[in-house]
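In what follows, a single structure is set out as structure tokens and then discussed.
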Amino acid sequence: MNPLINRQIAFNLGSSDAWDIFAEHRRQVTSLLGDSSDQSRICVLGAGNCNDLDLATLVQTHQEVHLVDIDADALSKGTSRQDLANNAAIYLHGGIDLTGMMDLMNHWHPKSTLSPDDISAIIQAPMRCLEQLPGPFDIVASTCLLSQLIKIIVDTIGEDHLQFVELIQAIRMGHLLLLMKLITSRGQGLLITDVVSSDTYRELASVPAQSLNQVLVQLIRQGNFFHGVNPAIIVNLLRQDPILSQQVATLEPIGPWRWNLGPRHYAVIAVKIQKR
Ligand SMILES: C[S@@+](CC[C@H](N)C(=O)[O-])C[C@H]1O[C@@H](n2cnc3c(N)ncnc32)[C@H](O)[C@@H]1O
């Protein structure tokens, strides 16, 4: 199998039993997904083990809960762990590659050169998923997936490649365009992303909750954050990019909060997007 996909599966296996330590992160994510009408259909991109989703709450507040991930096993085991494997409101969409091009990316290496057509393909390829999903949805959330998609570039092309920044921008744009496209008119999007981890800021685990925002601002100023997920840049893109901004009615930055994954802690933020 594609090593890039194997890496995601291994990551999910490593955190599959992390239900208890995910409690605070799960509470944050689930409450953001809670706004709904009785008839709402929600879709979660990168649902994986579902440790960040209180599915029992979500099926009470939404008519349909669609869970999407490249790792089909993580989705089915995740719903079983919450005793909701056969719940009629939950729809699993496993084996879906939300980049639309993991097979091609697997052949990238530090000496690859990408043409302008290749860059356009990276932006457009995620749209292939539209045929595989019964959208549009009232609420669409991307849950700590963007950093994983960007990590593909770090792990294949590498940070020293001349096109590194251009490729990150293309992956991010492709993901934001897909997110917006999946949301129904006047629906809601939630881009939830991890921004930095205790791997590069050891004290993250012990920062008091009320100081986390201030610390994150400082870390971002120092350049200590994952490539491509600077919250201010994401908000600016949604506000100013000619295609994205047309679709956005309002934006609300939320967080940060802390996500305890056991071996490491992450600072996580969300951007709540109201679609026109
Ligand atoms: C950090 S995890 C999200 C946490 C997860 N919701 C949980 O509770 O454990 C990111 C998820 O994105 C999925 N993923 C990564 N790349 C993907 C891709 N190209 N297409 C679809 N899903 C992908 C991974 O399999 C993983 O489940």
Side-chain angles (χ1 to χ4, degrees), residues 1-30 32-33 42-55 58 65-82 84 90 92-106 108 122 125-130 132-133 140-156 170-172 174-175 178-179 182 190-197 199 226 228-229 259-268 270:
M1 205 205 262
N2 183 331
L4 296 175
I5 300 177
N6 281 344
R7 202 196 68 201
Q8 293 303 328
I9 293 172
F11 178 85
N12 286 338
L13 282 173
S15 58
S16 58
D17 291 332
W19 174 262
D20 289 340
I21 56 168
F22 269 50
E24 174 55 16
H25 179 54
R26 179 169 57 250
R27 190 187 66 71
Q28 296 276 3
V29 174
T30 306
L32 286 174
L33 290 171
I42 76 163
C43 175
V44 182
L45 308 176
N49 292 321
C50 307
N51 281 331
D52 53 4
L53 303 169
D54 182 340
L55 294 172
L58 294 179
V65 176
H66 293 261
L67 305 174
V68 186
D69 204 281
I70 196 141
D71 184 351
D73 242 32
L75 290 180
S76 55
K77 288 182 185 151
T79 45
S80 297
R81 267 193 301 272
Q82 296 191 43
L84 288 163
I90 296 182
L92 303 188
H93 305 278
I96 294 191
D97 170 15
L98 291 162
T99 66
M101 54 189 304
M102 292 270 268
D103 286 341
L104 193 67
M105 288 167 161
N106 185 36
W108 288 352
I122 297 169
M127 293 295 175
R128 290 182 197 146
C129 305
L130 294 173
Q132 297 169 272
L133 294 171
V140 181
S142 164
T143 52
C144 298
L145 169 63
L146 182 59
S147 59
Q148 295 301 308
L149 302 184
I150 290 173
K151 195 164 183 302
I152 296 172
I153 314 272
V154 179
D155 293 346
T156 56
I171 287 264
R172 183 175 60 198
H175 190 58
L178 174 67
L179 179 73
L182 282 169
L190 282 159
L191 181 76
I192 301 172
T193 183
D194 39 333
V195 181
V196 61
S197 84
D199 281 352
F226 299 136
V229 295
W259 172 21
N260 178 358
L261 194 84
R264 89 186 54 79
H265 286 67
Y266 296 85
V268 179

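Order of listing sets the numbers, starting from 1, for every ligand and every atom in it. Please read all numbers here as calculations on a predicted model, not as lab measurements. Heads up: numbering here begins at 1 and tracks the sequence.
- Any N or O atom pair closer than 3.5 Å counts here, and Asn12 shares at least one such pair with ligand 1.
- When heavy-atom distances to ligand 1 are checked against a 4.0 Å cut-off, Ser147 has no atom that comes that close, whether in backbone or side chain.
- Assignment of Ala74 to the shell around ligand 1 is not supported, since no heavy atom sits closer than 4.0 Å.
- Looking at Asp52, its side chain never comes within 3.5 Å of a backbone N or O of Thr143 through a donor-acceptor pair.
- The atoms of ligand 1 that sit less than 4.0 Å from any heavy atom of Asn51 are 7 (C), 8 (O).
- Residue Ile96 touches ligand 1 through its backbone alone, judged by heavy-atom distances below 4.0 Å.
- Atom CD of Gln148 and atom CG of Asp155 lie 9.5 Å apart (nearest 0.5 Å).
- On a distance-only criterion, Leu98 and ligand 1 share at least one N/O pair closer than 3.5 Å.
- With atom 3 (C) of ligand 1 as the reference point, the heavy atom nearest to it among Ala18, Gly46, Gly48 is part of Gly46.
- The two atoms that bring Ala270 and Ile192 nearest to each other are CB-CG1, 3.9 Å, heavy atoms only.
- When only non-hydrogen protein atoms are considered, atom 5 (C) of ligand 1 lies nearest to Ala47 O, 3.5 Å.
- Looking at every heavy atom in both residues, Cys50 comes nearest to Trp19 through O-CZ3, 3.9 Å.
- With Asp52, Asn2, Ile5 as candidates, the residue nearest to atom 4 (C) of ligand 1 on a non-hydrogen basis is Asp52.
- Between Val140 and Leu182, the shortest heavy-atom contact is CG2-O, 3.5 Å.
- His175 and Ser142 get closest at one heavy-atom pair: NE2-OG, 2.8 Å.
- Near Asn49, with a cut-off below 4.0 Å to any heavy atom, the atoms of ligand 1 are 7 (C), 9 (O).
- The distance from the CE atom of Met102 to the CD1 atom of Ile152 is 4.5 Å, given to the nearest 0.5 Å.
- Closest approach of Val65 to Leu58, counting heavy atoms only: CG2-O, 3.9 Å.
- Close approach to Cys50 involves these atoms of ligand 1, each under 4.0 Å from a residue heavy atom: 7 (C), 8 (O).
- The distance from ligand 1 to the heavy atoms of Met102 drops below 4.0 Å at these ligand atoms: 19 (N).
- Any N or O atom pair closer than 3.5 Å counts here, and Asp97 shares at least one such pair with ligand 1.
- Contacts between Leu149 and ligand 1, counted as non-hydrogen atom pairs separated by less than 4.0 Å, involve the side chain only.
- Counting atoms of ligand 1 from 1 in the listed order, those under 4.0 Å from a heavy atom of Thr99 are 19 (N).
- How far CD1 of Ile153 is from CZ of Arg172: 11.5 Å, rounded to the nearest 0.5 Å.
- Near Cys144, the atoms of ligand 1 lying under 4.0 angstrom from a non-hydrogen atom of the residue are 1 (C), 10 (C).
- The closest protein non-hydrogen atom to atom 12 (O) of ligand 1 is Leu145 CD1, 3.3 Å.
- When the heavy atoms of Ile171, Ile152, Leu75, Ile70 are ranked by distance to atom 22 (N) of ligand 1, first place goes to Ile70.
- Residues His93 and Cys129 have side chains not in contact (no heavy-atom distance under 4.5 Å, counting atoms from C-beta outward).
- Rounded to the nearest 0.5 angstrom, Arg27 CZ and Asp54 CG are separated by 11.5 Å.
- On a distance-only criterion, Asp69 and ligand 1 share at least one N/O pair closer than 3.5 Å.
- Rounding to the nearest 0.5 Å places CD of Gln28 at 14.0 Å from CZ of Phe22.
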